[in-house]
Amino acid sequence: DGSVFIDFSPQSTRVRMQGAAVITAATGTPATARLTSELTFDAAGARTQGQTAVTAANLDFASPHLHAVLRDAGQGWVADQLIARKVSGLLSADIQIASRGADTFVTGSVTPAALAITAGDESIAFSQVQGVIRFLGAQGGKLAGLRLATRDWSLAADAAWSKDGDAPAAPTSVDATLSLEAASLTPSFLAILPAGVANSLTELDVRVKGGLALRDAPITAQIASTGDLQRLSTFGTVSLADASAQIGVSMQDAVGTLDYSYEFHDGKGSDVGMTALLSSVRAAGVHMQDTRIALAPPASGEVLIPSFSARVHGGRLAGKIRVGAPLPTVGELPPRFFEISTNASGIRFAPLLADLRARNRPLDPLTPLPQNPQETSTDESRGVLSGSFSLTGLTGRDIGRQGRGTFTIRGGEVLSLPALVPLVRVTNLQLPRAETLDYAFADFYIAGTTINFEQLAISSESVGLYGVGTAS
């Protein structure tokens, strides 16, 4: 079904071609293509102008024929990205290529019907593929209505690109918006994220059981004519439900958002910024609200949280955390060295004590569930706590932990010993009278699983109890 016409003249040669072809693909599905082309060459054999139209069905993204057409059309960077990402899957195309001298312009569209890519070490095959790629000649091109879905997550994107100048080696600028939804942080989902963001989530052992979503995150990038990424910038807000992380202390049942920013410049490395804003979370068993956690970019596997703050049962908690790089180990989750420094003020002691008791209570189906923290957080009967605390050790291991702290509790019945205060008053030749033990002070240090109290004082208006001791 093919024909070729060649018209020779002393100044130029004109070639007209048309025909159809069947291309056997690795998938086993044959591709069909039809081409019409009219090309003009000068006396030296250089192409001076041309018009080519290609229509194809069931062509594979991995086809060398497609890559050759893209390169001939001046879109070599697209071909390079397809090869680098090991993109495969069937598509249909309707492409027109016009050339005048050294300038080449591509118009038309490519519509994917199936798609698979490789991101990092993950091979990702999409069960749902929608959208169209449009080439707009000198204006560049656009990706419209892309929708991709796997069993666990889905992606939606729109993008546009154009060359920065007329030079053949001019880079290409890309502007895009991205939306994501995922049931959890699966390996394939982490693989499509910017490396710096994915590394931070992995370093902190972040898990999301209740799903996450990202809406219309802007992305700008610059790609060299060789296909190499020169610059990438993006930011957004990810909503989280039932999330957890290990940051020296265990964070559980987190609900809120994660604001992130990512900048990459070729030759300068990358810069990652993340801030978690959690409406509620349970840290070391303690219920917290309005928690803000700022994360610095990881360096050599180390994670630094220069500041965190939260509302805890009517008071405030603030501090900083450093989690070191994973230590060498065999056959288990690598431990990390951590440092925590905190300050607390005005925390109601009764609900705090209830949280700690619930955390240490054995899992027994006959044991009543802990009270709703919203119902107990206004209980001031045991006074309010203020103090400071620091702790170092290895994650996941109690042995070797060291720390020091002080605290005071005042304004309520710190300890209920109704017979003790009158008895002490009598031994001091005072009339017996019930008084509330409404003040407590402790200075302590931690060694492993043991708390050693160097100073411990509990007092009422006229009676004071002082001592030392240990607790495990």
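Predicted model, so just to flag it, every value in this text is computed and none were measured.
Of the options Asp266, Asp164, Thr172, Asp228, a side-chain hydrogen bond (donor to acceptor under 3.5 Å, both in side chains) to Gln222 is made by Asp164 and by none of the others. Checking each of Gln289, Gln252, Met251 against Val281 for a side chain to side chain contact (heavy atoms under 4.5 Å, CB included) leaves exactly one that passes, namely Met251.
Here the shortest heavy-atom pairing between Ser388 and Asn343 reads CB-OD1, 3.3 Å. Minimum heavy-atom separation, Leu66 to Asp60: CD2-O, 3.9 Å. Taking both residues in full, the closest heavy atoms of Ala284 and Leu356 are given as O-CD2, 4.4 Å, listed atom of the first, atom of the second, then distance. Contact record, Leu178 with Ala157: CD1-CB, 4.2 Å, taken as the closest heavy-atom pair. For the pair Thr107 and Gly137, the tightest heavy-atom approach, listed with the atom from each and the gap, is CG2-N, 3.7 Å. Of all heavy-atom pairs spanning Met274 and Tyr260, the tightest one is CG-CB, 3.9 Å.
A donor-acceptor pair under 3.5 Å is formed between the side chain of Ser386 and the backbone N or O of Gly346. Side-chain atoms of Thr342 do not come within 3.5 Å of backbone N or O of Ala318 as any donor-acceptor pair. Not one N or O on the side chain of Ser233 forms a donor-acceptor pair closer than 3.5 Å with the backbone of Thr220. Side-chain atoms of Arg336 come within 3.5 Å of backbone N or O of Gly324 as a donor-acceptor pair. The backbone N or O of Leu352 lies less than 3.5 Å from no partner atom in the side chain of His287, so there is not a single donor-acceptor pair. Listed for the Asp42 side chain is no donor-acceptor partner under 3.5 Å among the backbone atoms of Ser12. For the pair Thr291 (side chain) and Ala310 (backbone), a donor-acceptor distance under 3.5 Å is absent.
Of the charged side-chain nitrogens involved, none lies within less than 4.0 Å of a carboxylate oxygen, so that Lys209 and Asp242 do not count as a salt-bridged pair. We find that Asp205 and Arg207 are joined by a salt bridge, their nearest charged nitrogen and carboxylate oxygen being less than 4.0 Å apart.
The side-chain heavy atoms of Arg14 and Phe5, taken from C-beta on, include no pair separated by under 4.5 Å. In this structure, the side chains of Ile446 and Phe389 come closer than 4.5 Å at one or more pairs of heavy atoms. Considering only heavy atoms from C-beta on, Phe308 comes within 4.5 Å of Leu317 through its side chain. Side-chain contact between Gln18 and Ser3 is present, with at least one heavy-atom pair separated by less than 4.5 Å. You'll find the side chain of Asp271 stays beyond 4.5 Å of the side chain of Tyr262, heavy atoms only. The closest side-chain heavy-atom distance from Ile223 to Trp161 is not below 4.5 Å.
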For residues 120-127, dump all side-chain donor-acceptor pairs below 3.5 Å to protein atoms at least two apart in sequence or in another chain.
{"unit_1": "Ser127", "atom_1": "OG", "unit_2": "Ala149", "atom_2": "O", "d": "3.1"}

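Summarising the geometry, atom OG1 belonging to Thr52 is positioned 10.0 Å from atom CD belonging to Gln96; distances are rounded to the nearest 0.5 Å. Once rounded to the nearest 0.5 Å, the distance linking CG of Leu277 with OG of Ser239 reads 12.5 Å. Between atom CD of residue Gln230 and atom CZ of residue Phe264 there is a gap of 9.5 Å, rounded to the nearest 0.5 Å. Interatomic distance, Thr237 OG1 to Leu258 CG, rounded to the nearest 0.5 Å: 8.5 Å. One distance of note links CZ of Arg147 with OG of Ser179; it measures 7.5 Å at 0.5 Å rounding. Separating the CG atom in Leu229 from the CZ atom in Arg231 is a distance of 9.0 Å, to the nearest 0.5 Å.
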(Q) Quick one, Ile6 with Thr13, criterion side-chain contact (heavy atoms from CB on, under 4.5 Å). Give me CA distance, side-chain angles, the key distance, then yes/no. (A) CA-CA 7 Å; Ile6 303 176; Thr13 301; 3.8 Å; yes

Q: Tell me, with the steps shown, if Arg282 and Met288 meet side-chain contact (heavy atoms from CB on, under 4.5 Å).
A: CA-CA 6 Å; Arg282 194 161 46 88; Met288 301 181 181; over 6 Å; no

Q. Going through the checks in order, is the side-chain contact (heavy atoms from CB on, under 4.5 Å) test met by Ile117 and Phe61?
A. CA-CA 10 Å; Ile117 65 172; Phe61 277 107; over 6 Å; no

**Q.** Pair Val238-Val208, side-chain contact (heavy atoms from CB on, under 4.5 Å): steps then yes or no
**A.** CA-CA 11 Å; Val238 180; Val208 184; over 6 Å; no

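No side-chain donor from either of Thr392 and Glu339 sits under 3.5 Å from a side-chain acceptor of the other.
A 6.0 Å sphere centred on CZ of Arg316 holds more than 12 heavy atoms belonging to other residues, nucleotides or ligands.
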